[in-house]
A.B. asks: 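One structure, as structure tokens, below. Some questions next.
Residue numbering restarts at 1 for every chain, and letters A, B, ... go by the order of the sequence lines.
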2 protein chains.
Amino acid sequence: MKKKQRVSIKDISKELGISITTISFIINKKAKNRISDEVIKKVEDYIEKVGYEPNTSAQTLRTGKTKTIVFMAEDISDPFFSAVAKEMEEIAYKNGYKIIYCSTENNKDRAAELISLFQNRQVDAFIITPPENFEKEIQELITQKNEVIMLFDRRYTSTEHNYVILDNFNGAKMAVNKLISSGCKNIAYVGLKSDFSCMSERLEGYKDAIKDHQSQPISLLLPFKDVKTKAGRIQFEKFINKHTAVDGILFATNGLAINGLKGLKELHKNIPDELAVITFDDRDLFELHTPSISVLSQPVPAMATELIKGTLELLRAKNDKNEIFQKILPGNLITRDSCKLTIYDKK
Amino acid sequence: MKKKQRVSIKDISKELGISITTISFIINKKAKNRISDEVIKKVEDYIEKVGYEPNTSAQTLRTGKTKTIVFMAEDISDPFFSAVAKEMEEIAYKNGYKIIYCSTENNKDRAAELISLFQNRQVDAFIITPPENFEKEIQELITQKNEVIMLFDRRYTSTEHNYVILDNFNGAKMAVNKLISSGCKNIAYVGLKSDFSCMSERLEGYKDAIKDHQSQPISLLLPFKDVKTKAGRIQFEKFINKHTAVDGILFATNGLAINGLKGLKELHKNIPDELAVITFDDRDLFELHTPSISVLSQPVPAMATELIKGTLELLRAKNDKNEIFQKILPGNLITRDSCKLTIYDKK
DNA sequence: CTGAAAGCGCTTACAG
DNA sequence: CTGAAAGCGCTTACAG
């Protein structure tokens, strides 16, 4: 935290009597077989001594690379996304990259506006959780090839693209199997009415898990705008009152679970005796809830690592080849009191 | 989301047959009394038409201004800080600024490292929640005058500096008065062992509120590292077991409250009958908790607005004068079931 | 009222 | 193995 005056390549050149060309090559590790070891050593030592750091703007202006990644989350203040964001940052900084965040609020106009804003500001890569009905825009973005495009949490089946997602299908299966093994006979699925791949994959996982177990799926799909609202809660309560046989629920997102738990409280349902509950995404709220809520948690650190690792890899490979980075990570089942104990649980 | 090739001032100059000097003046609104209205109109129309956006790196290289603000939070994945972050972003983008986030984890070495990192990358302003024992470093940073320094959540009494904070003293008083009016006779304070101004101000507010009410303050101050740990919970439980007369608690942070609520659950304390509870900071967890928890919530949108507004103002005023921006915002008391009802509550 | 030119700090093709 | 020079896209002091 010293430094008064920034030192430039020119200063080093003057000081050491070596051309700026040579110094630049050394700084950029392009000196091998070009510059003598002696000169390399001399320059590196001096750089170390004065703590030289290249001017990013000059580099950007010259190369067109900004060393900046944009993370467009659905909502950066959502605990899941902010946890991912925090982990990513750390790794990005270590690799000399900055991250800029923004929230789409699942609004496609807003997302389009943000993308165009950041394209103007020049960024190297976008990590995006696309909003509803955004496939065309994403495709166009990928086709332009101006930036590396990495999708997160959601993918499209029609296009070949980079993504990091949860294994939603098997996650849902694990969660439902937990409900089954704890004695539930009629399991309902509460999800989002959405074209998000994660939502359809979770629903499919649910259906697959119950197919030999109960006569037919029972599901409620709420529109995105109602997830946190009273209107959504009323729809959920109606659903519960209608399907009286339901004795287990899988919530597809933590938002749905929170509103659903409020609803179950209003209906005075006893968890887990009348109704067992499990949800996607862990939050400390679920641990503290009475009773504590079982979850299928997403591996946040692993996701963040893959997201950045993949993006940096693609950034390096850019133009080299049409490399594709795809990762599907398994979730973790955390059993708590909202599922009845079974003889298999030792606790 | 079109655009193939970025258009530069040079392109405009060639197209319109006007010098780049003139165009630059018009873009930067320095055209008044220098350039004819006719030319201004012509250039502005063309810029509008082709959607010209200046190259930020070139501007930065030339002016030294990066249009970047760093927000160093204690933990950017904490709901309070991530909520503030999200609000700030929106306003910053509208003003042509980017925000970069990082987390100090309340670690002073890490904070110092981050500051030096971002100084090298050149940023215009720092919005900082300083970690413990960081006053000297902050003072040095302010003295350097390389960037605008805005403190958030914590301030120092010894130095004159910019800050946006909660009215902690009166917030704590309001919270304690709520406990008093709901019938508590022995109110304890659970806080942080810390040199943060917010912590001492809250403790003072508590002391001031109870001074005519109970014989002496009863407080537990935990070290930062134990806030979320089992060790901290055990200390808390011992404290509760020791002070059997305590029938009301004010928690100084949401983290302390969460761990404390876990402890009270383990001790099978009935809230609010045996023990009423109120905490600083609202989280949806507190609303969903059984019983729901009363809080002294911080005005997140107003804080974010003041933070950015103030920072931009100082950025504009830089060098002009030694302007100082200080804002103390009032908290909101939200009464829920963790305080007993009084005849004054209509519900 | 308008423009030619220097220079911010880099990178890299080219020459030697 | 090393260096002189052009140029990335701006801003602004200076000249007219």
A.B. asks: Side chains of A:Cys102 and A:Val70: closer than 4.5 Å at any heavy-atom pair?
C.D. replies: yes
A.B. asks: What residues, two or more places apart in sequence or in another chain, satisfy salt bridge (charged side-chain N to carboxylate O under 4.0 Å, His left out) together with A:Asp45?
C.D. replies: A:Lys41
A.B. asks: What is the distance from CD1 of B:Ile27 to P of C:dT2, rounded to the nearest Å?
C.D. replies: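 Rounded to whole Å, this separation is 15 Å.
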A.B. asks: Show the nearest heavy-atom pair for residues B:Leu307 and B:Leu151, with the distance to one decimal.
C.D. replies: CD1-O, 4.4 Å
A.B. asks: Mind checking what makes side-chain contact (heavy atoms from CB on, under 4.5 Å) contact with B:Leu329, not counting sequence neighbours?
C.D. replies: B:Val164, B:Pro299, B:Ala302, B:Met303, B:Glu306
A.B. asks: Among all residues two or more places apart in sequence or in another chain, which pass the side-chain contact (heavy atoms from CB on, under 4.5 Å) test with A:Ile35?
C.D. replies: A:Thr22, A:Ile26, A:Ala31, A:Val39, A:Ile40
A.B. asks: Fill in the dot-bracket string of DNA chain D, one character per base: . for unpaired, | for a pair to another strand, ( ) or [ ] for pairs within the strand, taking Watson-Crick or G-U pairs under 3.5 Å.
C.D. replies: |||.||||||||.|||
A.B. asks: Among all residues two or more places apart in sequence or in another chain, which pass the ring pair (Phe, Tyr, Trp, His ring centres under 6.0 Å) test with A:Tyr163?
C.D. replies: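 For A:Tyr163, the residues satisfying ring pair (Phe, Tyr, Trp, His ring centres under 6.0 Å) (neighbours in sequence not counted) are A:His161.
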A.B. asks: Enumerate the residue pairs fulfilling salt bridge (charged side-chain N to carboxylate O under 4.0 Å, His left out) with a member in residues 46-59 of chain B, sequence neighbours excluded, ordered by first and then second residue.
C.D. replies: none
A.B. asks: What residues form a side-chain contact (heavy atoms from CB on, under 4.5 Å) with A:Thr311, not counting sequence neighbours?
C.D. replies: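 Listed in chain order: A:Ile69, A:Ala125, A:Ile127, A:Val148, A:Met150, A:Leu315.
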A.B. asks: To the nearest Å, how far apart are A:Lys65 NZ and C:dT12 C1'?
C.D. replies: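 So the NZ-C1' distance, A:Lys65 to C:dT12, works out to 15 Å.
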A.B. asks: Calculate the interatomic distance between B:Ile9 atom CD1 and D:dT11 atom C1'; express it in whole Å.
C.D. replies: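 So the two atoms are 8 Å apart, to the nearest Å.
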A.B. asks: Please determine whether a side-chain nitrogen or oxygen atom of B:Thr63 lies at a distance below 4.0 Å from atom OP1 or OP2 of D:dC10.
C.D. replies: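 Answer no for this pair, as no side-chain N or O of B:Thr63 is under 4.0 Å from OP1 or OP2.
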A.B. asks: Please, which pairs that meet ring pair (Phe, Tyr, Trp, His ring centres under 6.0 Å) have at least one residue in residues 103-123 of chain B, sequence neighbours excluded?
C.D. replies: A:Tyr93-B:Phe118
A.B. asks: My understanding is that only residues two or more places apart in sequence, or in another chain, count here; which of them pass side chain to side chain donor-acceptor pair (under 3.5 Å) with A:Asp75?
C.D. replies: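 Partners of A:Asp75 under the side chain to side chain donor-acceptor pair (under 3.5 Å) test: A:Ser77, B:Lys86.
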A.B. asks: Using a strict heavy-atom distance below 4.0 Å, which residues from residues 51-59 of chain A are in contact with DNA chain C?
C.D. replies: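 Those residues whose heavy atoms fall under 4.0 Å from DNA chain C, taken from residues 51-59 of chain A in numerical order, are A:Tyr52, A:Pro54, A:Asn55, A:Ala58, A:Gln59.
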A.B. asks: In whole Å, what is the span from the CD1 atom of A:Ile23 to the P atom of D:dT2?
C.D. replies: 12 Å
A.B. asks: For A:Ser36, answer base if it contacts any base atom (sugar-phosphate contacts may also be present), sugar-phosphate if it contacts only those atoms, and nothing otherwise; contact means non-hydrogen atoms under 4.0 Å.
C.D. replies: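 Here A:Ser36 touches the backbone only, sparing every base.
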A.B. asks: Could you tell me the separation between the CG atom of B:Leu61 and the P atom of D:dT12, rounded to a whole number of Å?
C.D. replies: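 B:Leu61 atom CG is separated from D:dT12 atom P by 13 Å.
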A.B. asks: Pairs under 3.5 angstrom, nitrogen or oxygen only, protein versus nucleotides 3-7 of chain C, please.
C.D. replies:
| unit_1 | atom_1 | unit_2 | atom_2 | d |
| --- | --- | --- | --- | --- |
| C:dG3 | OP2 | B:Ser19 | N | 3.2 |
| C:dG3 | OP2 | B:Ser19 | OG | 3.3 |
| C:dG3 | OP2 | B:Thr22 | OG1 | 3.0 |
| C:dA4 | N7 | B:Thr21 | OG1 | 3.2 |
| C:dA4 | N6 | B:Thr21 | OG1 | 2.5 |
| C:dA5 | N6 | B:Thr21 | OG1 | 3.4 |
| C:dG7 | N2 | B:Arg62 | NH1 | 2.9 |

A.B. asks: Could you list the residues that satisfy side chain to side chain donor-acceptor pair (under 3.5 Å) with B:Gln139, not counting sequence neighbours?
C.D. replies: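 Once residues adjacent in sequence are excluded, the partners of B:Gln139 under the side chain to side chain donor-acceptor pair (under 3.5 Å) criterion are B:Thr159.
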A.B. asks: Would you kindly give the CD1-to-P distance between B:Ile26 and D:dC10, to the nearest whole Å?
C.D. replies: 14 Å
